[in-house]
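Read through the structure below, which is laid out as C-alpha cells, and then see the notes.
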Number of protein chains: 2
Amino acid sequence: MTSADPVRRSTYRHGNLRQALLEAGLELARAGGHDAVVLREATRRAGVAANAAYRHFSDRDALVHAVSLAAMGELAHTMEAEQATLPPSTGPAEAARARFRAVGTGYLRFARTEPGLFRAAFYGRLDMTAAEAAESAGAGGLTPFQLLGAALDDLVACGVLPAARRPGAEFLAWSAVHGLAVLLVDGPLRAVQPDQADETTRLLLDMVERGL
Amino acid sequence: MTSADPVRRSTYRHGNLRQALLEAGLELARAGGHDAVVLREATRRAGVAANAAYRHFSDRDALVHAVSLAAMGELAHTMEAEQATLPPSTGPAEAARARFRAVGTGYLRFARTEPGLFRAAFYGRLDMTAAEAAESAGAGGLTPFQLLGAALDDLVACGVLPAARRPGAEFLAWSAVHGLAVLLVDGPLRAVQPDQADETTRLLLDMVERGL
DNA sequence: CCTCAATTGTGGACAATGTCCACAATTGCC
DNA sequence: GGCAATTGTGGACATTGTCCACAATTGAGG
C-alpha cells in the first residue's frame with residue numbers, strides 16, 4: 001500500500017499543492033518518522049508529477065523541515081491538551097507545579113502516542129530558531145519550548161524555584177524529558193511496558209523537580 | 001571522495017571480509033551517522049563486489065546493527081578513559097561521586113567528539129540486549145549501561161544514594177544525559193558554543209545528583 | 001479583449017542504492 | 001582425489017532524489 005488517494009483533478013493547476021505535499025509528508029512521517037518522508041510518494045498522493053514538488057520545496061530536506069515544524073506544532077497541541085486536563089489545584093504553588101509536570105507528561109505522551117511525528121519533529125537539521133518558529137506553535141501561539149519556559153517562569157513566580165536556578169533551567173528539564181522520550185521511542189527502552197513507562201515518567205519528573 | 005582505499009587482492013577469498021565491512025561501516029558512521037552507512041560503499045572500500053556483503057550480513061540493517069554495537073563499545077572506552085583521569089579523591093564517598101559524574105561527562109564527551117558514532121550507537125533498531133551485549137563493552141568488559149549501573153551501585157554502597165532510590169535510577173540518569181547529548185548532537189542545541197555546552201553539562205549533572 | 005511573460009506541472013533521463021538470481025572460484029572434509 | 005559447502009562475481013530490477021527541456025495555464029498591461 002504505497003500510494004493512496006490518487007486524486008484525479010480536472011484543472012491543470014493543483015490549487016494548493018504545497019499544503020497537500022505537507023500533509024502527505026506528515027502522514028508519511030506519522031507512519032515512519034522523518035526518513036519515511038519520501039518526496040515521490042508525497043507527490044503521488046497529491047496526484048501530481050514528482051517534479052512538481054520542486055516548485056514548492058527546493059529540496060527533499062525542505063519538505064522534511066516543513067514537516068518537522070508542523071510536527072512540533074502537534075506536540076505543542078498535545079502539551080496544551082495535557083495542561084487543560086489539570087484539576088483545580090489547592091494553591092498557586094501547587095498549580096504551577098502541576099502545569100510544569102504537565103509539560104513533561106504531555107511531551108512524553110506525544111512521543112509515545114505519535115512516535116513517527118516525534119522523531120520527525122526533532123531530526124530535520126534544526127536549530128533553536130525552529131524551536132521558536134511560529135509554525136511550531138500550538139493553539140495558544142507558544143511552541144513546546146516556550147510552553148516549558150512559561151511553566152518555569154511560573155515556578156519562579158510562585159517561589160517554588162529559586163530565581164538563581166532559573167537561567168538555563170529549560171535546557172536541563174528539556175534534556176531529561178527528551179532523553180527519556182528518545183530512549184522509549186526508538187532507543188533501547190522501546191520494549192518496556194506502558195505502565196512501566198508511566199512509572200519511569202513519574203520518577204523522572206520527581207527527579208527533575210527535586211534537582212532543578 | 002566516495003570510495004577510498006580500493007584494496008586490490010590476489011586471493012579470491014578476502015580472508016576477513018566481515019571485519020573489513022564492519023570497519024568500513026564504522027568509518028562511514030563516524031562521518032555521517034547511521035544512515036551514512038551504505039552497503040555498497042562499504043564493499044567498495046573492502047575491494048569486493050556489492051553482493052559479497054550478503055555472505056556476512058543478512059541485510060543492510062544487520063551491518064548497521066553491528067556498527068551500532070561497535071560504536072557503543074567505543075563509547076564504553078571513552079567513559080573508561082574519563083574515569084581513569086580522575087585525581088585521587090579525599091574519601092570513598094567523594095570518589096564514588098566523581099566516578100558517577102565521569103560516566104556522564106564521558107558520555108557527553110563522546111557524543112560531542114564523535115557525533116556520527118554516537119548517533120550510530122543509538123539508532124540501530126536496538127533494545128536492551130544491545131545495551132548488555134559483549135560487543136558493546138569496553139576494555140573492562142562492561143557496556144556503557146553497565147558502567148552506569150556500577151557507578152550507581154557505588155553511590156549506594158558509600159551511602160550517597162539511599163538504597164530506596166536505587167531501583168530504576170539508571171534510566172533516570174541515562175535519560176538526562178542522553179537527552180542533553182541528543183539535543184547537542186543533532187537537536188536544536190547543535191549551535192551552542194563548546195564552553196556553554198560544558199557548563200550545561202555541569203549543571204545537568206548537578207541536577208541529577210540532587211534529584212536522584 | 002488580446003498578448004506575453006511568469007508561474008506551475010509534465011515527461012524523460014541519470015546516477016545511486018538495496019536486493020535478488022544464477023553462476024564461478026575456492027576450500028576443506030571424507 | 002572428488003565433492004559439497006563456502007565465499008565472490010556479474011547482471012538485473014525497482015525505487016529514489018534531482019536535473020533539463022517543454023507544455024499548460026494564469027494574470028497584468030495595453
Side-chain angles (χ1 to χ4, degrees), chain A residues 1-25 27-29 31-68 120 123-125, chain B residues 1-25 27-29 31-68 120 123-125:
Chain A
M1 97 195 63
T2 63
S3 92
D5 202 271
V7 187
R8 235 178 302 279
R9 67 191 192 286
S10 50
T11 56
Y12 184 73
R13 301 294 173 89
H14 178 287
N16 202 1
L17 185 52
R18 189 194 153 91
Q19 185 62 22
L21 290 175
L22 216 189
E23 280 166 17
E27 254 185 78
L28 292 170
H34 64 297
D35 38 40
V37 177
V38 27
L39 215 158
R40 289 179 100 112
E41 176 63 18
T43 60
R44 239 172 269 139
R45 296 194 180 189
V48 98
N51 286 330
Y54 288 88
R55 303 293 176 189
H56 302 274
F57 297 97
S58 66
D59 223 314
R60 171 182 179 269
D61 263 13
L63 172 60
V64 172
H65 191 255
V67 169
S68 286
Y123 291 112
R125 293 269 160 268
Chain B
M1 92 194 69
T2 62
S3 92
D5 202 272
V7 187
R8 236 178 300 281
R9 68 188 192 287
S10 49
T11 57
Y12 184 73
R13 302 293 173 88
H14 178 287
N16 201 0
L17 185 52
R18 191 196 152 89
Q19 184 62 23
L21 290 174
L22 216 189
E23 280 166 17
E27 254 184 79
L28 291 170
H34 63 296
D35 38 40
V37 177
V38 26
L39 214 159
R40 288 179 102 110
E41 174 64 17
T43 60
R44 240 172 269 139
R45 296 195 180 187
V48 98
N51 286 330
Y54 288 87
R55 302 296 175 186
H56 302 274
F57 297 96
S58 65
D59 223 316
R60 170 182 178 269
D61 264 13
L63 172 59
V64 172
H65 191 256
V67 168
S68 286
Y123 290 114
R125 293 269 161 269

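Residue numbers start from 1 in every chain, and the chains themselves are labelled A, B, ... in the order their sequence lines are given, proteins ahead of strands.
- Summary of the strand contacts: A:N16 and B:V37 both lie near DNA chain C, and taking for each the nucleotide with the nearest heavy atom, the more 5' one is attributed to A:N16.
- At a cut-off of 3.5 angstrom, counting only N and O atoms as typed in the model, there is no donor on one side facing an acceptor on the other between the side-chain of B:R13 and the base of C:dT27.
- Rounded to an integer number of Å, the gap from A:H14 NE2 to D:dT26 P is 15 Å.
- Remark: C1' of C:dG12 and OH of A:Y54 are 15 Å apart, rounded to the nearest angstrom.
- The interatomic distance linking B:D61 (CG) with C:dT19 (C1') rounds to 13 Å, in whole Å.
- The base of D:dG11 is paired with the side chain of B:N51 by a donor and an acceptor separated by under 3.5 Å.
- Here D:dT18 presents its P atom at 10 Å from CG of A:L63, a figure rounded to the nearest Å.
- The closest side-chain heavy-atom distance from B:E41 to B:L28 is below 4.5 Å.
- A straight line from CG of A:L39 to C1' of C:dA16 spans 16 Å, rounded to a whole angstrom.
- If you take NE2 on A:H34 and CZ on A:R60, they are separated by 7.5 Å, rounding to the nearest 0.5 Å.
- Here the P atom of nucleotide D:dT16 and the CG atom of A:L28 are 10 Å apart, to the nearest Å.
- Residue order along DNA chain C, read from the 5' end via each residue's closest nucleotide, puts A:R55 first among A:R55 and B:R60.
- A heavy-atom distance below 4.5 Å is found between the side chains of A:Y54 and A:L39.
- As a whole-Å value, the separation of B:D35 CG from C:dA16 P is 19 Å.
- Put simply, CG on B:L17 and CZ on B:R55 are 11.0 Å apart, with the number rounded to the nearest 0.5 Å.
- Atom C1' of nucleotide D:dA14 and atom CZ of A:R44 are separated by 11 Å, given to the nearest angstrom.
- Residue A:H56 places at least one side-chain N or O under 4.0 Å from the OP1 or OP2 atom of C:dG9.
- Smallest separation of non-hydrogen atoms from A:V67 and A:A29: CG1-CB, 3.8 Å.
- Among the heavy atoms of the strands lying under 4.0 Å from B:R40 is at least one base atom, whether or not backbone atoms are also near.
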